[in-house]
There are 2 protein chains.
Amino acid sequence: MTIGQLSELTGVNIETIRYYEKIKLLPLPSRAANGRRVYGPSEGRVLAFVRRSRELGFSLDEIRALLRLSGPEKASCREVREIAAHHPDDIRAKIGDLCKLERLLSATVARCSGTTTAPECPVLDILDVQRAK
Amino acid sequence: MTIGQLSELTGVNIETIRYYEKIKLLPLPSRAANGRRVYGPSEGRVLAFVRRSRELGFSLDEIRALLRLSGPEKASCREVREIAAHHPDDIRAKIGDLCKLERLLSATVARCSGTTTAPECPVLDILDVQRAK
DNA sequence: CCTAGATCCTGTAGCGACTGCAGGATCAAG
DNA sequence: CTTGATCCTGCAGTCGCTACAGGATCTAGG
C-alpha cells in the first residue's frame, strides 16, 4: 500500500501520516526500492486506531500510551481504564459550558434586531456590561 | 494601574496581555518614566470585553472586528449580528458531538472491569474494532 | 520513446492562542 | 542597603496539524 492509499483507506491526511511518523506515534514503515513508503494491513489498523482515538478526544500522548498498552499482551486493562476514565468528566464539563454559552448567545442574537446602531446592540452589551454567568 | 494589577482585575495573564498588545488587539498603553506600562480604567474595560468574548468562543480576529464595531459610534448592529450569529450553530453541533462521545466513552469505561488483560479490554476494543458512530 | 500529470520524497515554516524562559532593570519594604 | 517582587524585551516551545518549496519518480496516453 502506498501512503496515498493508506490515507484514502483511513481518512487520515498524507501529511498527517508523515507527521505521526516523525513524532514516533507510528513506527518507521518499510520502503520500496525507489524510497517510497510501503504499508501493510497492520499499519492500516494501527492508523485507524489512532484516528478513532483522536475523534474520541484523546491526545497524541495518550494514544501513544494506549498503543503501548494494546501492543504487548502483558498490559493490564486497569491502565487503559486510567487513561480513559477522566475523559467523560472533562467532556461533561465542556458540554455544560457550551450549553450555557449557547443559550446566552442565541438569546442575545435573537434580541438583536439588526437595526439599531452599535451602542445599543444587545450583543455588544452582553460582552461589555453583563457579568452574569 | 500596572500590568500586574490589570491582570489581577481582569483575570488575564500578564504574558497574555503583552501578547494581545503585540498582535495589536489592544492599543499601545502609555508608559511611566521608568518604561513600565500604565493602564487606566478604560483599558480594563476593553480587556474585560476581550476576555468575555474569548469565553464565548470568539476568535481573536472576531474580537478585533467587534472592538472596531463597538468603538466608533457609527457601527451598525447588523454587522455585529453577522459575527455573532453563526456561533450558536457551531456550538450546538459541538455539543451534539460531545454528547455522543460522552455516552460511548463512559459506557465503555463502565464495562471495563479493570481486571482483564489488554486484549479483552472493552476500551481498547472500541478503539480498535467498533466502527459505530 | 516521449511527455504530461499524478504521486511521492525531504525539509521547513506557518497557524491560533497562548506559555515559559533568559537575562536584565527597577521598585517597595524592612 | 539588601532582598524579593515586579517589571522589561525578545525569543523558543506547545499541540496537532497544514502548506509550501523544490525536487524525484511513477503511470498513462500518444
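These numbers come from the heavy atoms of this one structure, side chains and all, not from hydrogens, waters or symmetry mates. Quick note on labels: first sequence line is chain A, next is B, and so on, each numbered from 1.
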(Q) side-chain contact (heavy atoms from CB on, under 4.5 Å), that's the test. Do A/Glu102 and A/Cys99 meet it? Break it down for me. (A) CA-CA 5 Å; A/Glu102 190 271 332; A/Cys99 284; 5.7 Å; no
**Q.** Closest to the A/Tyr20 side chain, choosing from D/dC17, C/dA17, C/dC9
**A.** D/dC17
Q.
Any salt bridge linking B/Glu21 with B/Arg18? Criterion: basic side-chain nitrogen under 4.0 Å from a carboxylate oxygen.
A. no
Q | B/Thr16 side-chain N/O to C/dA17 phosphate OP1/OP2 under 4.0 Å | A | no
Q. Between D/dG16 atom P and A/Arg51 atom CZ, what is the distance in whole Å?
A. 16 Å
Q. Whole Å only: how far is the CD atom of B/Glu55 from the P atom of C/dA17?
A. 15 Å
**Q.** Rounded interatomic separation in angstrom, taking OH from A/Tyr19 and P from D/dT14
**A.** 10 Å
Q. Within the structure, does a side-chain N or O atom of A/Arg31 lie under 4.0 Å from either OP1 or OP2 of D/dT25?
A. no
Q | Reading 5' to 3' through nucleotides 20-30 of chain C, protein heavy-atom contacts under 4.0 Å coded B for base, S for sugar-phosphate only, - for none | A | BB---BBS---
**Q.** Backbone of A/Ala48 reached by a side-chain donor or acceptor of A/Thr10 within 3.5 Å
**A.** no
Q. Whole Å only: how far is the CD1 atom of B/Ile17 from the P atom of C/dA17?
A. 17 Å
Q. In whole angstrom, what separates B/Arg54's CZ from C/dA17's C1'?
A. 6 Å
Q.
Counting only side-chain heavy atoms from C-beta out, which of D/dT18, C/dC9, D/dT9 sits nearest to A/Arg37?
A. C/dC9
Q: Find the distance A/Glu8:CD to C/dA6:P and express it as a whole number of Å.
A: 15 Å
Q.
Side-chain N or O of A/Thr2 versus OP1/OP2 of C/dC8: is the shortest distance under 4.0 Å?
A. yes
Q: Grab the NZ-P distance between B/Lys24 and C/dA17 for me, whole Å please.
A: 18 Å
(Q) Quick check: on DNA chain D, is the nucleotide nearest B/Ile3 upstream (toward 5') of the one nearest B/Lys22, or the reverse? Name the residue that is more 5'. (A) B/Ile3
Q.
Please report the distance, rounded to the nearest Å, between CG in B/Leu28 and C1' in D/dT9.
A. 14 Å
**Q.** B/Arg54 side chain near B/Leu60 side chain, heavy-atom distance below 4.5 Å
**A.** yes
Q) Do A/Leu67 and A/Val50 touch side chain to side chain, with heavy atoms closer than 4.5 Å? A) yes
Q) How is B/Ile23 classified with respect to the nucleic acid when contacts are heavy atoms under 4.0 Å: base, sugar-phosphate, or nothing? A) nothing
Q) In Å and rounded to the nearest 0.5 Å, what is the NZ to CD distance from A/Lys22 to A/Glu15? A) 10.0 Å
Q.
Show the nearest heavy-atom pair for residues A/Ala32 and A/Val38, with the distance to one decimal.
A. N-CG2, 3.5 Å
